[in-house]
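The block underneath contains the structure these notes are about, expressed in structure tokens.
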Amino acid sequence: MQIKIATWNVNSIKARLDGFLIWLKNTSPEIVLLQEIKTISENFPKDPIADLGYNMAIFGQKTYNGVAILSKFPIEDIVENLPHFSDQQSRYIEALIALPDAAIRVASVYVPNGGSTLDVGQKINETTKFQYKMDFFTKLSEHAKKRLEFNESFIIGGDFNVANENIDVYDSASLKNTLCFHDDEKFQFRKLLNMGYGDLFRNLNPYDGNFSWWDYRGNSLKLNKGMRIDYILASPLAMDNITSCLIDNKALEVEKRSDHAPVICEIKI
DNA sequence: ATGGTCGCGAGGCGA
């Protein structure tokens, strides 16, 4: 069988609900990894999503952040938060999806934005936010490394808040070492690649400079001044069975759009 | 231009 897995930073599930439900019905992924749902779990719009045939694992938070996993198949072994990281913010949820004749582990991750980089003249709390981002990445790497010992299909999708290569940003020269394109952030992200996880979009589309996020400000989407900061990463075992990966820009052709586009992959099971 | 535009929640913060 072949299944479709999508990741999407929706920037509030409630503000996005109408368009999201249409997209969900039309796209019909077997598994959806959501970030920035911006609601506590109790207020997540479960009913209309369940009506479309989805089970849900929701790790919400008031006002900010919040991640979730939707699945047409049973959701088991749910992990909330990165192990060994006492996080006040809801940014990581992982689960085992029980497919008919197999299982696949998936995670939805929302890496901290970082506030600003450690360049000269930044405020103390801003450097704290950047350090929090670095710490989060370190714990994510440690956990991802440990998961490789399972030797199973493991998919990590989400908003990593870093563009990895020059073609992943609209102007690599002017953005050099700015937030989300800083060498320290790339180093953290590349640790995941170097230990064996594959960046699906980049592996299947080596030269495509597509973006996944555009700032609401400055008419960025129309000018295509974006960055590719949303990824689907796959463990080596899963990597061998990926058949496609695309960024679904059409999902942003709605009145109330997110500032992120979904990323969708297909995998043979 | 130390701005801009969203979402949350009801003023200012976070992105």
Side-chain angles (χ1 to χ4, degrees), chain A residues 7-21 23 33-45 49 58-68 87-92 108-137 140 157-164 168-171 174-182 184-186 188-189 211-231 247 249 251-263:
Chain A
T7 182
W8 197 358
N9 180 327
V10 288
N11 186 16
S12 168
I13 187 66
K14 284 186 278 188
R16 225 57 67 198
L17 189 59
D18 291 350
F20 177 74
L21 291 173
W23 173 87
L33 310 169
L34 296 173
Q35 302 88 39
E36 280 207 271
I37 60 173
K38 289 191 171 178
T39 177
I40 55 172
S41 306
E42 290 73 18
N43 294 336
F44 191 89
I49 293 172
I58 304 156
F59 184 34
Q61 183 189 326
K62 185 177 159 66
T63 311
Y64 301 120
N65 313 310
V67 287
D87 201 343
Q88 302 302 308
Q89 307 184 9
S90 302
R91 296 180 173 276
Y92 184 90
S108 176
V109 61
Y110 177 40
V111 173
N113 171 277
S116 67
T117 57
L118 294 167
D119 291 339
V120 185
Q122 301 301 338
K123 291 175 284 187
I124 294 297
N125 67 322
E126 300 278 311
T127 58
T128 304
K129 282 183 192 170
F130 194 79
Q131 189 56 51
Y132 168 54
K133 182 178 195 172
M134 294 296 104
D135 294 344
F136 185 95
F137 255 128
L140 178 60
D159 176 0
F160 288 76
N161 263 316
V162 55
N164 186 41
D168 293 326
V169 298
Y170 62 91
D171 185 342
S174 73
L175 290 171
K176 184 178 167 64
N177 277 343
T178 59
L179 190 69
C180 299
F181 198 56
H182 194 281
D184 293 354
E185 297 165 310
K186 295 178 194 179
Q188 291 282 8
F189 181 75
F211 306 136
S212 68
W213 170 83
W214 299 261
D215 200 318
Y216 280 126
R217 298 165 289 189
N219 208 18
S220 300
L221 182 61
K222 277 216 166 62
L223 299 170
N224 198 27
K225 289 177 70 173
M227 303 172 83
R228 191 172 72 94
I229 58 176
D230 300 86
Y231 301 84
I247 299 175
N249 299 63
L252 301 185
E253 293 173 5
V254 292
E255 197 167 332
K256 277 170 67 76
R257 64 169 181 88
S258 172
D259 46 352
H260 295 254
V263 184

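Per chain, numbering begins at 1; letters A, B, ... match sequence-line order. Values in this document were obtained by computation on a predicted structure and should not be read as measured data.
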Protein-proximity profile, nucleotides 5-14 of chain B, B/S/- by nucleotide at the 4.0 Å heavy-atom cutoff, equals BSBSS---BS

With rounding to the closest Å, how many angstrom separate the P atoms on B/dA15 and B/dG9? 15 Å

Separation of B/dA15 atom C1' from A/M227 atom CE, nearest Å, is 13 Å

One should read off an interatomic distance between A/D230 CG and A/N161 CG, to the nearest 0.5 angstrom, of 8.0 Å

A/N9 atom CG is separated from B/dA15 atom P, nearest whole Å, by 11 Å

Check whether more than 12 heavy atoms from other residues, nucleotides or ligands sit under 6.0 Å from atom NZ of A/K14, and answer yes or no. yes

Discussion item. Please check if the number of heavy atoms outside A/D18 that lie under 6.0 Å from its CG is greater than 12.
Written reply: no

Task: C1'-based separation of B/dC6 from B/dG11 [nearest Å] - done: 16 Å

Tell me whether A/R91 contacts the main-chain N or O of A/V67 through its side chain, where contact means a donor paired with an acceptor under 3.5 Å.
no

Rounded to the nearest 0.5 Å, the CG atom of A/L34 sits from the OG1 atom of A/T7 at a distance of 7.5 Å

Taken to the nearest 0.5 Å, the spacing of A/S258 OG from A/Q35 CD works out to 9.5 Å

Taking atom P in both B/dA10 and B/dT2, what distance in whole Å separates the two?
30 Å

